[in-house]
Amino acid sequence: MTGEDPTTTLPKLARIAREAGVSVATVSKALNGRPDVSAHTRRLIAEVLERLGYPAQRLKPAKGSMVDVVLQGLGSPFALAILEGVEEAAWRLGVDLVVSAVVDRTKHGQPPPAWMDRISARDSAGVLLVRTMPTTAQRAWMADHGIPAVIVEPRRDPPRSMPVVTSTNLAGARAATEHLIGLGHERIAIVTGRPGVPCARERRAGYRRAMAAAGLKADPRWEVCGYFQMDNARAATKEMLDSLPEPPTAVFACSDVMALGVYQALGECGLQVPGDVSVVGFDDSLAAVYAVPGLTTVRHSWPELGAAGLTALLSSGPPERVEVPTTLVVRSSTAPA
């Protein structure tokens, strides 16, 4: 059946309609790009097509099936990996993308005012905001014009009225800390991310919950902030090590980049990883793969975040929070205490 055209026979159309829970006429309209089929229905039909063995069959884009994707810059490998998932889902769902990059001169990750003018000139089905946040005025404008929006991996706390797609940051951090506890570590330090960033707050909470669940009391001196930057993490870790009578036996860094800073600080203090101190990161970036020793870390599914974001945007349900699972990846930077 793979590669065949499902529009050629009525029995095939009837089977697609039956499994999607719609009429044969609706399937025919969706396959031919008619604008009177909702995005939610098109998504159901696309999923049935794929399940029945028509991976090459793409629904023809309908009028109003264009989606705007706004990225906080194109230099971030994380944003580009998310975009990869958005593109795959767009192909499967039969929508076209317009990608805009925010030049973040204000460090707030907000689309420029002229962005709304360009959105209004297009028949956009919605806006997918990747690691960026609209202003209050922009949110009000989209609401007034009936343009839905979804935020993927927000860098600031989003309004409750907006759907959010993010990784299981809290659960991932808890799994990282539990991994260290399972190796017999009790003095576990943490290098946190930038204050006010939701994922930084959630990862710190995951660390604290794991420590509390194990009956371990976290010394406040074990918590330092690296602001998601390698140099800051190195300096903060070095200061912590110099202030303690004995070093922690493990460090959980809330990003891989900060974990490299931890590596540097430990080396400057004459400590080896993992012989003296075990280290865990978060993100599973290239930094984790090529670090020496290889960094144990928590892996995001970046493309899945993008696909989930576009799917949520084209769904007709109420605003919700979608969390994509993370996975602990064990390498050589952790060892028994």
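Atom set for the values below is all heavy atoms of this structure, side chains included, hydrogens, waters and symmetry mates excluded.
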Handout entry: Connected via hydrophobic side-chain network under 4.5 Å: Y207 and V329
Key = no
Practice task
Determine whether M230 and S255 make a side-chain contact, defined as any pair of heavy atoms from C-beta on separated by less than 4.5 Å.
Solution key: no
Problem - Heavy-atom pair with the smallest gap, counting every atom of C225 and G193 - result: SG-O, 3.3 Å
Exercise for the section: For S333 and V279, indicate whether the former's side chain and the latter's backbone hold a donor-acceptor pair under 3.5 Å. Expected result: yes
Practice task
Please say whether more than 12 non-hydrogen atoms of neighbouring residues, nucleotides or ligands are located less than 6.0 Å from CZ in R201.
Solution key: yes
Exercise for the section: Determine, using ring centers only, whether H300 and F282 are less than 6.0 Å apart. Expected result: yes
Exercise for the section: Flag yes if L295 and L183 sit in one hydrophobic cluster, no otherwise; membership is Ile, Leu, Val, Met, Phe, Trp, Tyr, and two members link when side-chain heavy atoms are under 4.5 Å apart. Expected result: no
Handout entry: T166 versus E153, side-chain donor and acceptor atoms under 3.5 Å
Key = yes
Exercise for the section: Would you sort out whether L129 and M162 count as a side-chain contact (heavy atoms from CB on, under 4.5 Å), showing the intermediate values? Expected result: CA-CA 11 Å; L129 298 141; M162 294 191 71; 4.0 Å; yes
Handout entry: Approximate separation, where rounding is to 0.5 Å, of L83 CG and L128 CG
Key = 9.0 Å
Exercise for the section: Count the heavy atoms of every other residue, nucleotide or ligand shown that sit under 6.0 Å from CZ of F78, and state whether that count exceeds 12. Expected result: yes
Fill in the blank from the handout: Between A308 and V324, the two heavy atoms sitting closest are CB-CG2, 4.2 Å
Practice task
Report yes or no: do M240 and V273 belong to one cluster of Ile/Leu/Val/Met/Phe/Trp/Tyr joined by side chain heavy-atom distances under 4.5 Å?
Solution key: yes
Handout entry: Validation row: L52, R15 side chains within 4.5 angstrom (heavy atoms)
Key = yes
Practice task
Enter the distance from D276:CG to L271:CG here, rounded to the nearest 0.5 Å.
Solution key: 5.0 Å
Exercise for the section: Keeping the roles fixed (side chain from S23, backbone from T26), state whether a donor-acceptor pair exists under 3.5 Å. Expected result: yes
Problem - Side-chain heavy-atom pair V298, T327 within 4.5 angstrom cut-off - result: no
Problem - Closest non-hydrogen atom pair, V69 against L97 - result: CG2-CD2, 4.0 Å
Practice task
Could you tell me whether R174 and E178 have a side-chain N and a carboxylate O separated by less than 4.0 Å?
Solution key: yes
Problem - Heavy-atom pair with the smallest gap, counting every atom of A205 and L170 - result: CB-CD1, 3.9 Å
Handout entry: E202 and R321: CA distance, side-chain angles, deciding distance, salt bridge (charged side-chain N to carboxylate O under 4.0 Å, His left out) verdict
Key = CA-CA 14 Å; E202 292 165 6; R321 177 184 175 93; 3.0 Å; yes
Handout entry: pair W91-V86: side-chain heavy atoms closer than 4.5 Å
Key = no
Problem - Basic-acidic side-chain contact under 4.0 Å: K238, E268 - result: no
Problem - Under 3.5 Å donor-acceptor, T237 side chain and A233 backbone - result: yes
Problem - CD (E223) with more than 12 external heavy atoms under 6.0 Å - result: yes
Practice task
Would you indicate whether the side-chain heavy atoms of T192 and V224 approach each other to under 4.5 Å?
Solution key: no
Handout entry: NZ/NE/NH1/NH2 to OD/OE distance under 4.0 Å, D219 and R187
Key = no
Handout entry: H179 versus T334, side-chain donor and acceptor atoms under 3.5 Å
Key = yes
Handout entry: P163 and I151, any side-chain heavy atoms less than 4.5 Å apart
Key = no
Exercise for the section: In plain terms, say whether D256 and R299 are close enough for a salt bridge, that is, a side-chain N and a carboxylate O under 4.0 Å apart. Expected result: no
Problem - Donor-acceptor pair, side chain of Y263 and main chain of R234, under 3.5 angstrom - result: no
Problem - From I147 atom CD1 to L313 atom CG, the distance as rounded to the nearest 0.5 Å - result: 10.5 Å
Practice task
Verify side-chain contact (heavy atoms from CB on, under 4.5 Å) between D157 and V197, making sure each step is shown before the conclusion.
Solution key: CA-CA 7 Å; D157 288 319; V197 176; over 6 Å; no
Problem - Test item: R139 side-chain N/O and P134 main-chain N/O as donor-acceptor pair under 3.5 Å - result: yes
Practice task
Answer whether the closest heavy-atom distance between the side chains of C199 and R155 falls below 4.5 Å.
Solution key: yes
Practice task
Kindly compute the distance separating OG1 (T177) from CD1 (I190), expressed to the nearest 0.5 Å.
Solution key: 6.5 Å
Problem - Backbone N/O of L180 and side chain of H185: donor-acceptor pair under 3.5 Å - result: no
Practice task
Examine R204 relative to F252 and say whether NZ or CZ is less than 6.0 Å from the centre of the six-membered ring and inside a 45° cone about the ring axis.
Solution key: no
Practice task
Compute whether any side-chain donor of one residue and acceptor of the other, for T326 and S167, lie under 3.5 angstrom apart.
Solution key: no
Practice task
Any chance you could measure L49, atom CG, to E19, atom CD, to the nearest 0.5 Å?
Solution key: 10.0 Å
Problem - Separation of L71 CG from L80 CG (nearest 0.5 Å) - result: 7.0 Å
Practice task
Report the residue from V127, D96, L314 that forms a side-chain contact (heavy atoms from CB on, under 4.5 Å) with V67.
Solution key: L314
Practice task
Go through the steps for M258 and Q229 under the test side-chain contact (heavy atoms from CB on, under 4.5 Å), then give the verdict.
Solution key: CA-CA 6 Å; M258 292 195 298; Q229 296 178 359; 5.9 Å; no
Problem - side-chain contact (heavy atoms from CB on, under 4.5 Å) evaluation trace for V130 with V70 - result: CA-CA 6 Å; V130 180; V70 182; over 6 Å; no
Exercise for the section: Would you check if R92 and T311 make a side-chain contact, meaning some heavy-atom pair closer than 4.5 Å? Expected result: yes
Practice task
Check step by step if salt bridge (charged side-chain N to carboxylate O under 4.0 Å, His left out) holds for E47 and R51.
Solution key: CA-CA 6 Å; E47 290 173 351; R51 188 167 65 248; 5.6 Å; no
Practice task
Check whether W302 and L328 end up in the same hydrophobic cluster, where Ile, Leu, Val, Met, Phe, Trp and Tyr are linked by side-chain heavy atoms less than 4.5 Å apart.
Solution key: no
Exercise for the section: For S278 and A335, indicate whether the former's side chain and the latter's backbone hold a donor-acceptor pair under 3.5 Å. Expected result: yes
